[in-house]
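Structure first, commentary second.
These numbers were taken from a predicted model, which means no experiment stands behind them.
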Number of protein chains: 2
Amino acid sequence: MIPEATVARLPIYLRTLMEAAAAHETTISSERLAELGGVNAAKVRKDLSYLGSLGTRGVGYDVEFLLFEISRELGLTRDWPVIIVGLGNLGHALANYKGFGARGFQVVGLVDVDPTRVGEEIAGITVRHLDDLPVMASELRPAIGVIATPAPVAQDVADRLVAAGVTSILNFAPGVLSVPKGVAVRKVDLSIELQILSFHQQRQAAQHA
Amino acid sequence: MIPEATVARLPIYLRTLMEAAAAHETTISSERLAELGGVNAAKVRKDLSYLGSLGTRGVGYDVEFLLFEISRELGLTRDWPVIIVGLGNLGHALANYKGFGARGFQVVGLVDVDPTRVGEEIAGITVRHLDDLPVMASELRPAIGVIATPAPVAQDVADRLVAAGVTSILNFAPGVLSVPKGVAVRKVDLSIELQILSFHQQRQAAQHA
DNA sequence: AGATGTGAAGCGGTTCACAGCT
DNA sequence: AGCTGTGAACCGCTTCACATCT
């Protein structure tokens, strides 16, 4: 089984390889891949070895081949329909975010509870009511749900998404979500990141005192 | 020294404690704190022990006291001026994000290169040009820089922020930033998160096949 | 009695160093 | 000769289990 930490780095290799491909490099060493990706070369080799024996000793890795293998491993050779719940500041920005659909993530549905927002069209998609989720689920078969709601309703939204068959959730609301086993949750929490930076900032300041 | 992993969890305890305080609980056990924060009780105790001996055996932790101690450790007892660079979709949303300033993070400056955006007023702050950064730095003394630009210019922006005296960076642009030692960088990468979810989604699908 | 604080064991991930292949 | 693939050492974090204190 591929370690979680490795999975989290595969996207980095993917991006790095795309840059290499764009620069017309056909082959790449673990050394160079590591340098471009900001990691250690041994780690690159170990990570890639989990996907199989993909390189050629004495030569390196074939850029195109590796791109394909990683894409396949990450499940990026197919499209994943995405539903965004909560269209405040952030949800709006996400709905309009172009790079979103870039690699196979297709926003297929937008959901909110605010009656003034329901019916609005954002990035070509009409916002529907949270209560419509079951219907939308059978229509759109969403795989990934993005929660961009205020914290207090995030758990309820998560429950509804899970009930609608979503098994992957990207949560921007602060707080812990509890979901059944088999449902993957990734959390993006701005205020946690800022607080971690604050800690470093304070330590930095203490050193200069 | 406090382990990095512990620092990353302190904000979670902080939020949990604020909920407990709001519910008028005056004392809390590691068990309960763990449950609310979605972690293990032994971990809570070990984490908190790095800040000192803050609890009372047989009783638990005093909510208000612990709130203060964690806040202080994270450097949240003072304000950190924040500058946002890049006011596209995301930067805009960030500039308007209220919860941002909630705990001592004050957005003091907005920067872009697009002449059509420079001069625009967002959330009461006038957008200035990237070239003004040195001047803004001496005026505003920013501690934290938020990069919400397209990937290709992120490194240049980071260099300028560092030159302007910023020692903490929150980077929303994909890719690796190289910064001098002593500068802290936290990365928030939407597409990496989605790709990790894609991996789980694919594994999930494989299991149900 | 009850909950903290912590040595020690356990675990996952990183890094080293080199055998093995081209 | 050169670079991959990988066993083994290492490291940091997690978890256990219990001595310690109120």
Side-chain angles (χ1 to χ4, degrees), chain A residues 1-13 16-17 20 25-70 73 176 184 192 196 199-200 203, chain B residues 1-13 16-17 20 25-70 73 176 184 192 196 199-200 203:
Chain A
M1 221 47 320
I2 301 183
E4 193 58 35
T6 295
V7 173
R9 277 188 298 269
L10 292 180
I12 297 174
Y13 302 145
T16 304
L17 286 166
E25 301 179 31
T26 62
T27 221
I28 193 166
S29 69
S30 62
E31 197 73 47
R32 177 121 183 83
L33 192 41
E35 183 196 327
L36 294 174
V39 289
N40 165 301
K43 202 185 279 186
V44 170
R45 291 200 297 277
K46 181 136 281 190
D47 282 344
L48 295 181
S49 76
Y50 289 113
L51 312 196
S53 195
L54 306 179
T56 310
R57 293 165 199 241
V59 179
Y61 300 90
D62 182 88
V63 172
E64 287 298 334
F65 176 64
L66 196 51
L67 265 174
F68 175 73
E69 287 297 319
I70 295 179
E73 194 66 37
V176 192
I192 287 183
I196 294 172
F199 174 84
H200 287 294
R203 162 156 316 170
Chain B
M1 221 49 316
I2 302 183
E4 193 59 35
T6 295
V7 173
R9 275 188 300 269
L10 291 180
I12 296 174
Y13 303 145
T16 305
L17 286 165
E25 300 180 31
T26 63
T27 223
I28 194 166
S29 68
S30 62
E31 197 73 47
R32 177 122 182 82
L33 192 41
E35 183 195 327
L36 294 174
V39 288
N40 166 303
K43 200 185 279 183
V44 171
R45 292 200 296 277
K46 180 137 281 189
D47 281 343
L48 295 180
S49 77
Y50 289 114
L51 312 196
S53 193
L54 306 179
T56 309
R57 291 167 200 241
V59 179
Y61 300 90
D62 182 89
V63 172
E64 287 299 334
F65 176 65
L66 196 51
L67 264 173
F68 175 73
E69 287 298 317
I70 294 179
E73 194 66 38
V176 191
I192 287 183
I196 293 172
F199 174 84
H200 287 294
R203 161 154 318 168

Write down the distance between CZ (R9(A)) and C1' (dT15(C)), rounded to a whole number of angstrom.
-> 12 Å
Per the atom types in the model, does the base of dG2(C) pair as donor or acceptor with the side chain of R57(B) at under 3.5 Å?
-> no
Below 3.5 Å, can you tabulate the donor-acceptor pairs from side chains in residues 3-10 of chain B to any protein atom, sequence neighbours excluded?
residue : atom : partner : partner atom : Å
E4(B)   : OE2  : H200(A) : NE2          : 3.3
T6(B)   : OG1  : D47(B)  : OD1          : 2.7
R9(B)   : NE   : D47(B)  : OD2          : 2.6
R9(B)   : NH2  : D47(B)  : OD1          : 3.0
R9(B)   : NH2  : D47(B)  : OD2          : 3.2

What's the spacing between Y50(B) OH and M1(B) CE if we round to 0.5 Å?
-> 11.0 Å
Out of curiosity, K46(A) NZ to N40(A) CG, how far, rounded to the nearest 0.5 Å?
-> 11.5 Å
Side-chain heavy atoms of I12(B) within contact of V39(B), under 4.5 Å | no
Look up atom CG in L33(A) and atom NZ in K43(A), then write down how far apart they are to the nearest 0.5 Å.
-> 12.5 Å
Which residue, T56(A) or A5(A), contacts DNA chain C at a nucleotide closer to its 5' end, judged by nearest heavy atom?
-> A5(A)
Give the rounded distance in Å between these two atoms: OH of Y61(A) and C1' of dC21(C).
-> 13 Å
Residues from residues 38-52 of chain B lying under 4.0 Å of DNA chain C - heavy atoms = R45(B), K46(B), S49(B)
To the nearest Å, give me how far apart CG (L54(B)) and P (dT4(C)) are.
-> 12 Å
Set of side chain to side chain contact (heavy atoms under 4.5 Å, CB included) partners for S29(B), sequence neighbours left out = E31(B), R32(B)
Which atom of G37(A) lies closest to which atom of V176(B), heavy atoms considered | O-CG2, 3.4 Å
So how far is it from L48(A) CG to Y61(A) OH, rounded to the nearest 0.5 Å?
-> 4.5 Å
Contacted region of DNA chain D by chain A, from 5' end to 3' end of the hits, cut-off under 4.0 Å to heavy atoms, spans dG2(D) to dA8(D)
Counting only non-hydrogen atoms, which of residues 28-36 of chain B are less than 4.0 Å from DNA chain C?
-> S29(B), S30(B)
Scan the side chains in residues 62-69 of chain B for donor-acceptor partners under 3.5 Å anywhere in the protein, sequence neighbours excluded, and list what turns up.
residue : atom : partner : partner atom : Å
D62(B)  : OD2  : E64(B)  : N            : 3.3
D62(B)  : OD2  : F65(B)  : N            : 2.9
E69(B)  : OE1  : R72(B)  : NH2          : 2.7
E69(B)  : OE2  : R72(B)  : NH2          : 3.2

So CD1 of I28(B) and OH of Y13(B): to nearest 0.5 Å the spacing works out to 11.5 Å
